[in-house]
Structures are given as C-alpha cells and as structure tokens.
Number of protein chains: 2
Amino acid sequence: MQSITHAAQQTIGPAGRMTARPVVPDPLDLLEQFGSTLTIGREHEIYGQGDPARYCWRILSGCVRTVKLLEDGRRQVGEFLFAGDIFGLDDLAIHDFAAEAVTDVKLRRYPRRTVEALAESRTALAHWLHTLTLNNLHAAHERMMLLGRKTAIEKLASFLLEMARRSAMPGRVMVDLPMSRTDIADHLGLTVETVCRVLAHLKRDGTLGISRTGIELYDRRCLCDLACEPRH
Amino acid sequence: MQSITHAAQQTIGPAGRMTARPVVPDPLDLLEQFGSTLTIGREHEIYGQGDPARYCWRILSGCVRTVKLLEDGRRQVGEFLFAGDIFGLDDLAIHDFAAEAVTDVKLRRYPRRTVEALAESRTALAHWLHTLTLNNLHAAHERMMLLGRKTAIEKLASFLLEMARRSAMPGRVMVDLPMSRTDIADHLGLTVETVCRVLAHLKRDGTLGISRTGIELYDRRCLCDLACEPRH
DNA sequence: CGCAGGGTTGATAGCCTTCAAGGTCTGTGG
DNA sequence: CCACAGACCTTGAAGGCTATCAACCCTGCG
C-alpha cells in the first residue's frame, strides 16, 4: 500500500465520495492525538452486532465489511469499506451491524466519547460528522432501490461500478475484489451461485474479465446501462 | 384528529421512536417562530426528487410517503410518515426522494438555512438533529435486511407490525392503512398482487382481519414470529 | 347508471434459489 | 518438490416463490 496523507484520505472517505472537496479544512487533525493504531487479521471481528458503540475507526489499509444477521443465519452485508473510510459513527449507543476484517487491516481508533465531547465545542467538527452520516444515509437509500427493485444483473453491474469508482484509478480497468463471492451475494441480496452465474454471463458477453481476486472492465458503458445509471 | 401538543409530538417523531424520552427539553421551540403552516391535498407532491433541499417539514396531521423512481418507472417508497414525524433533513443539498401526500396533510415548514444557522450556535439543537438522522439511518438499515433477505410474508408481517407500533395505541388491534396496496408493494419490493395474496392468506389463517382502510390484528404473536422479530 | 380506479383472485411464466457435483486455488506437511 | 486437504468457486438440474398477464369485483362519484 502506498503511504497516504491526511489530505488524501479526506477526499477518499465517505464524505469525500459525495462532495468534491472537504467542507472543513481538516477536522481529523483535532482527533488525531486521541487515536491509537491497531492491526486486525483477515476474517477477525472488529466489533460485534449489539456491542456498545465506544469507538469509531478510520481505515489505514485493507478492507472491512459491516454485517447484520437474522436469527436463522440469514446475512446482510451493509457495506464494504476501504482505506480512508470512517466507520462506527452510524449508531447511537449500540452497533447495529458488526464490523469484520475482509483482509488484514490497519486501523486507527478514536474514542467516541472524546469525539462527541470535542464536537460540542467545535461546530466545524460537528458539521463534518453530520455530513458523514448524511452521506451514509444517501448510500443506504441507493441500496434500498437496488435491493428492492433491481434484477441480479443490475445488482452486479451497480456493485462492480461502485467498486470501480472507489478502488480503481479513473482510467484503469482492473478492479480489486478482496471480498468473497458469498460476501458479494449477501451484500446484494442474492446467492453465491447467482453471483457466479451473472459474472460468467458478463464474461461471455465480453463486458469484463474475471480473475480470482478481481475483475477487469472492458465495457464500462455496457455496465452503466445494465445498472440503470446513465451518468458516469 | 385530536389536537396535539409539542411535548407529545416529540415522542412520536422519528427520534421518539428509538429513545424513550427526548434528549433535549424542546429543541422544536427554537424553530417554531420560523415555521409556517400549510395544507396539501391527497396525492399531491410536497417536493420532488432532485429538488433543492430548502425546507424541512413536520407533520401536523395526515400521512406522507417518500418516493424514489428509476428511469424506467420502477418505484421505491422509502418510508411512510405520520403526525409528529419530521422529514426533509436527510439530504445534503438535493432531495434524494420525493415527498408526496398520501392523505390530505397539514404541515409545518421550516427553512433549512435557518435551522442550520441556529444549530451552529445551539449545540443542543445540533445534537437533536443528528439524533434524528441516526434514527433514520437505523431504520434504513432495518429495511435493507427486509428488502434483501426476507420473504413476502415476512415483509408484510414486519410492515404491519411497524404500522401498528406507530399508529395504534398499545392495546388496540385496529391499524389504519391510509396508503394504497401499490404503495405498500413499492415499499416492500413486491407487486400489488403479492401484497393482496399475502394479506388474504393471513386473513384465512385468522391472524388478522381486513377492511378497505386498515387491518385488525388478532394474533400479534404470530406476526412477530413471521417477521423474525421475537421482541414485542 | 355508467365509469374509473383500486382491489382481489386465478393461471401461467420466469427468475432466482436450492440441491448437487465437480473444479480450482492455496497453504501445509511430509 | 509434491501430495493432500479444505475452502472457495463454478456449473448443472430441478423446484419454488414471486412476477406477469388477465379477468372480475367493489366502491365512490359525476
């Protein structure tokens, strides 16, 4: 992984995804002295569903998923998070989703009590935190449309485009997919088999190439059409 | 409709749904002088998808739905809102969903610019607004699980329980359903026909009774089991 | 009374799941 | 270096759940 500066991280994070430049100079600097760095191994839990929401986190490197379980084991993956993303701020007192490491991850952890206390006096920080939450809400609304009204192909197309937008350079065609097919299925409300079949279908079409760890986009336009997302 | 006091509205609203009592004495009082009251007729639009988010709103009476459309007409109903609920705060600059009147509604409207300016100095208000957003995010997460992983029966059971929780008295069995079957279908990611069939099925089971404008819960426990929600 | 819109029910079709089997990759230990 | 185990991925066949298409009913209204 390349070394990442603060300024860069800000524009990659959930806030940065939506707004072209940060609303506030650098609210993270206020928190930095209260953070601690830690590493978590692949497939280990960062926090559990139902745990008290004592910390929030920033990803330095690696990939994290948020997961929610029904009693009978049905699983919903809320989102995949990458370097620069911030998570653990979306809950009031109890974590609604668990957070798990998809790959080995390096994290920076901040006590929420401190964050909230700081936000009381620093309105710029408070404003920034609220913007993060609104962006997450926007993403959740997009996913409601996807889960409720899109077909399997459309779901995969939307997913791959989102991954491309976040993890690849604008011109590049290679997109890393560090998560398993099962994770993707549980993210899109499908089964593993359907995910495989749709990917195979898109490969036969010549829309993309498949390798174990990622995909290669040959025809982005075609994916956009499939995803019902004209603007890209 | 009975007349509603401020204090009562607070605990019915989106914030009140989660926390037993308001975090702040009465942040609405700060805004009240900037509000204006208006009435909107059944099936009329309050604001459109893509409109600039200039106002936020509080429902005095009636029912409102939020709606998002795909280009080909596929529709997703985000949520149904009732007296006391506040909406229009979930967007950054542009409304992500449209808001439409399900019944005739009486609304109180507040300029967002004013709300945000006030929040800069009144941290209690800012905190309260953030709590509202977090509760909406929590609801969106629940709906992701519902849309992605639940069956038609489970979706209906969850929906009816939520309506019962919000619109009925604790002991009452009658639940008003002011919205159309199509609205319910688009809220749950189903078709009208499936909604009708599932309701008919539950009626034959003796779980509930059906009238044009609502339902009557006979066996709440059964619904909870169907909805995969043990605690109620 | 006739119309229009929503609601309900039935028959059929299709998408996706389920169940099953085989393939591929990776890490481990001899 | 090779063999093997296990996890994940892929592909095939069959079935089920829900959508689609169609018809009819019911209610409110001009």
Side-chain angles (χ1 to χ4, degrees), chain A residues 41-44 63 65 70 72-77 100 102-104 146-157 159-160 176-205 208-215 226, chain B residues 41-43 63 65 70 72-77 100 102-104 146-160 176-205 208-215 226:
Chain A
R42 189 181 128 77
E43 292 301 314
H44 282 240
C63 176
R65 65 173 174 253
L70 235 45
D72 59 6
R74 276 177 286 181
R75 200 174 82 131
Q76 178 72 40
V77 171
E100 300 166 354
V102 172
T103 63
D104 291 346
L146 179 146
L147 291 169
R149 286 299 177 212
K150 289 191 179 178
T151 66
I153 292 185
E154 291 166 348
K155 286 175 175 180
L156 257 301
F159 170 72
L160 294 176
D176 260 20
L177 295 180
M179 68 293 290
S180 70
R181 300 288 192 262
T182 304
D183 283 345
I184 296 174
D186 286 342
H187 185 51
L188 302 179
L190 299 169
T191 59
V192 198
E193 295 92 331
T194 301
V195 170
C196 279
R197 268 185 264 270
V198 170
L199 287 178
H201 177 86
L202 291 172
K203 181 183 178 184
R204 275 195 300 279
D205 280 6
L208 48 78
I210 303 179
S211 78
R212 170 74 48 149
T213 58
I215 55 147
L226 286 175
Chain B
R42 187 182 131 77
E43 292 300 315
C63 176
R65 64 173 175 254
L70 235 44
D72 59 5
R74 277 177 285 182
R75 201 175 81 129
Q76 179 70 42
V77 170
E100 301 166 354
V102 172
T103 63
D104 291 346
L146 179 145
L147 291 170
R149 286 299 178 213
K150 289 192 178 177
T151 66
I153 292 184
E154 291 166 348
K155 285 174 175 182
L156 258 301
S158 299
F159 170 71
L160 294 176
D176 260 20
L177 295 180
M179 69 292 292
S180 71
R181 300 289 191 258
T182 304
D183 283 345
I184 297 174
D186 287 341
H187 185 51
L188 301 178
L190 299 169
T191 58
V192 198
E193 294 93 332
T194 300
V195 169
C196 279
R197 267 186 264 270
V198 169
L199 286 179
H201 176 86
L202 291 172
K203 181 183 178 185
R204 276 195 301 277
D205 279 7
L208 48 78
I210 302 179
S211 77
R212 171 74 48 151
T213 58
I215 56 145
L226 286 176

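Below, read A as the first sequence line, B as the second, and so on, with proteins coming before strands; counting in each chain starts at 1.
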Residue among B:V102, B:L199, B:I215 satisfying side-chain contact (heavy atoms from CB on, under 4.5 Å) with B:L177 = B:I215
Checking B:T103 side chain against B:C63 main chain: does a donor-acceptor pair fall under 3.5 Å?
-> yes
Please answer whether the main-chain N or O of B:G41 pairs with a side-chain N or O of B:D104 as donor and acceptor at a distance below 3.5 Å.
-> no
For nucleotides 17-21 of chain D, give me every protein contact, N/O to N/O, under 3.5 Å, one pair per line with atom names.
residue, atom, partner, partner atom, Å
D:dT18, OP1, B:A152, N, 2.8
D:dA19, OP1, B:T191, N, 3.4
D:dA19, OP2, B:T191, N, 3.3
D:dA19, OP2, B:T191, OG1, 3.0
D:dA19, OP2, B:T194, OG1, 2.3
D:dT20, O4, B:R197, NH2, 2.9
D:dC21, N4, B:E193, OE2, 3.0

About how many Å separate CG of A:L202 and CG of A:D205, when rounded to the nearest 0.5 Å?
-> 6.0 Å
Between NE2 of A:H201 and OG1 of A:T194, what distance do you get to the nearest 0.5 Å?
-> 13.0 Å
Could you name each residue pair satisfying salt bridge (Lys or Arg N to Asp or Glu O under 4.0 Å) that touches residues 180-190 of chain B, not counting sequence neighbours?
-> A:R149-B:D186, B:R65-B:D183, B:R75-B:D183, B:R75-B:D186
Over all heavy atoms of both residues, which pair between [X] and [Y] is shortest? Give the atoms and the distance, please.
X      : Y      : value
B:S158 : B:L146 : CB-CD1, 3.6 Å
A:L226 : A:E154 : O-CG, 2.9 Å
B:L190 : B:A152 : CD2-CB, 4.0 Å
B:L147 : B:G189 : CD2-N, 3.9 Å
B:A200 : B:I210 : N-CD1, 4.2 Å

Sorted by chain and number, sequence neighbours left out, salt bridge (charged side-chain N to carboxylate O under 4.0 Å, His left out) with A:K150 holds for A:E229
Boundaries of the chain A footprint along DNA chain C (any atom under 4.0 Å from a heavy atom) | C:dC16 to C:dC25
Length of the line joining A:I215:CD1 and D:dT10:P, which is rounded to integer Å | 12 Å
Give each protein N/O atom lying under 3.5 Å from an N/O atom of nucleotides 6-9 of chain D, with the pair distance.
residue, atom, partner, partner atom, Å
D:dC9, OP1, A:R181, N, 3.2
D:dC9, OP2, A:R181, N, 3.2

Rounding to the nearest 10°, end axes of the helix from C:dC1-D:dG30 to C:dG30-D:dC1 built from five pairs each make an angle of 30°
